Enquirer: 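Below is one structure. I have some questions about it.
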Amino acid sequence: MYAFKKHKMRDGKRYGPTDNGWYYQPADYHGKVSRAQSKKGKKAKEKEHENKTHWVLTKSQQYDAFLVGIFGKFMDRKNMFSVLDNCNVVMGIDGERIALFPVPPKGTVEWHGYPVTSKEEKLTEEIMDKFLNEKVINYTIYSRMQRRDL
């Protein structure tokens, strides 16, 4: 079972900075949708968010996943990825077990992220190989990722 650390937001909207000066800023449009979140009403809010994946992790837990991606250097030029506890931690409301953090625009230090499945085209063979080589996943999980079945 993965042991999450407790993190406090720096200024009420972001976590960090990390050693390399990056911040994680959770995006509300990847959070759970509730009537209390918006005066627009639930129906309008759901329409606005219908094409987004949504975390089941708290914002502090999302930051933990972000840190795992940084420390493992699970990134390419466009994205950083993270998995927790050999993919045993469900990160998204639809059972997603991988986190994707798009590299922010040049000159920006605020990152955000969202849960994805292994079907995500951005999850490359190189990243999957690195997960296996760094022993954050075992061969069974690696095989499932390769089949895009996770």
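Worth saying up front: this structure is predicted, and the values here are computed from it rather than measured.
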Enquirer: Distance-only check: which donor-acceptor pairs under 3.5 Å involve side-chain atoms of residues 75-83, not counting sequence neighbours?
Expert:
{"residue": "D76", "atom": "OD1", "partner": "K78", "partner atom": "N", "Å": "2.9"}
{"residue": "D76", "atom": "OD1", "partner": "N79", "partner atom": "N", "Å": "2.7"}
{"residue": "S82", "atom": "OG", "partner": "A65", "partner atom": "O", "Å": "2.8"}

Enquirer: Measure the shortest side-chain to side-chain distance between T58 and F4 over non-hydrogen atoms and say whether it is less than 4.5 angstrom.
Expert: no

Enquirer: Is there a side-chain contact between I98 and E120, using heavy atoms and a 4.5 Å cut-off?
Expert: no

Enquirer: For A3 versus D64, what's the shortest heavy-atom pair and its separation?
Expert: O-OD2, 4.2 Å

Enquirer: Test: side-chain hydrogen bond (donor to acceptor under 3.5 Å, both in side chains). Region: residues 130-143. Which pairs qualify, not counting sequence neighbours?
Expert: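 Listed once each, the pairs are D129-Y142, Y142-Q146.
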
Enquirer: Ring-plane angle category for F66 and W22, please: parallel below 30°, perpendicular beyond 60°, tilted otherwise.
Expert: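 Tilted.
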
Enquirer: Compare all side-chain heavy atoms of M91 with those of L84 and state whether any distance is below 4.5 angstrom.
Expert: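 The answer is yes; the side chains approach within 4.5 Å.
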
Enquirer: Could you pull out all residues at least two apart from R148 that satisfy side chain to side chain contact (heavy atoms under 4.5 Å, CB included)?
Expert: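 Listed in chain order: S118, K119, L123, E125, M128.
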
Enquirer: Is there a side-chain contact between Y15 and S60 (heavy atoms, below 4.5 Å)?
Expert: yes

Enquirer: Once side-chain hydrogen bond (donor to acceptor under 3.5 Å, both in side chains) is applied, do any residues pair with Y24, and if so which ones, sequence neighbours excluded?
Expert: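 Applying side-chain hydrogen bond (donor to acceptor under 3.5 Å, both in side chains) to Y24 gives Q62.
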
Enquirer: Taking the six-membered ring for Trp, are F74 and F131 ring centroids under 6.0 Å apart?
Expert: yes

Enquirer: Could you list all the side-chain hydrogen bond (donor to acceptor under 3.5 Å, both in side chains) pairs where at least one residue sits in residues 84-103, not counting sequence neighbours?
Expert: none

Enquirer: How are the rings of H30 and Y114 set relative to one another: parallel (under 30°), tilted (30 to 60°) or perpendicular (over 60°)?
Expert: parallel

Enquirer: Please report, to 0.1 Å, the donor-acceptor pairs under 3.5 Å made by any side chain of residues 103-112, with sequence neighbours excluded.
Expert:
{"residue": "T108", "atom": "OG1", "partner": "P105", "partner atom": "O", "Å": "3.1"}
{"residue": "E110", "atom": "OE2", "partner": "R14", "partner atom": "NH1", "Å": "2.4"}

Enquirer: Any sub-3.5 Å donor-acceptor pair from T53's side-chain atoms to V116's backbone N or O?
Expert: no

Enquirer: Within the 4.5 Å heavy-atom criterion, are Y23 and R10 side-chain neighbours or not?
Expert: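 Yes. Closest side-chain heavy atoms under 4.5 Å.
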
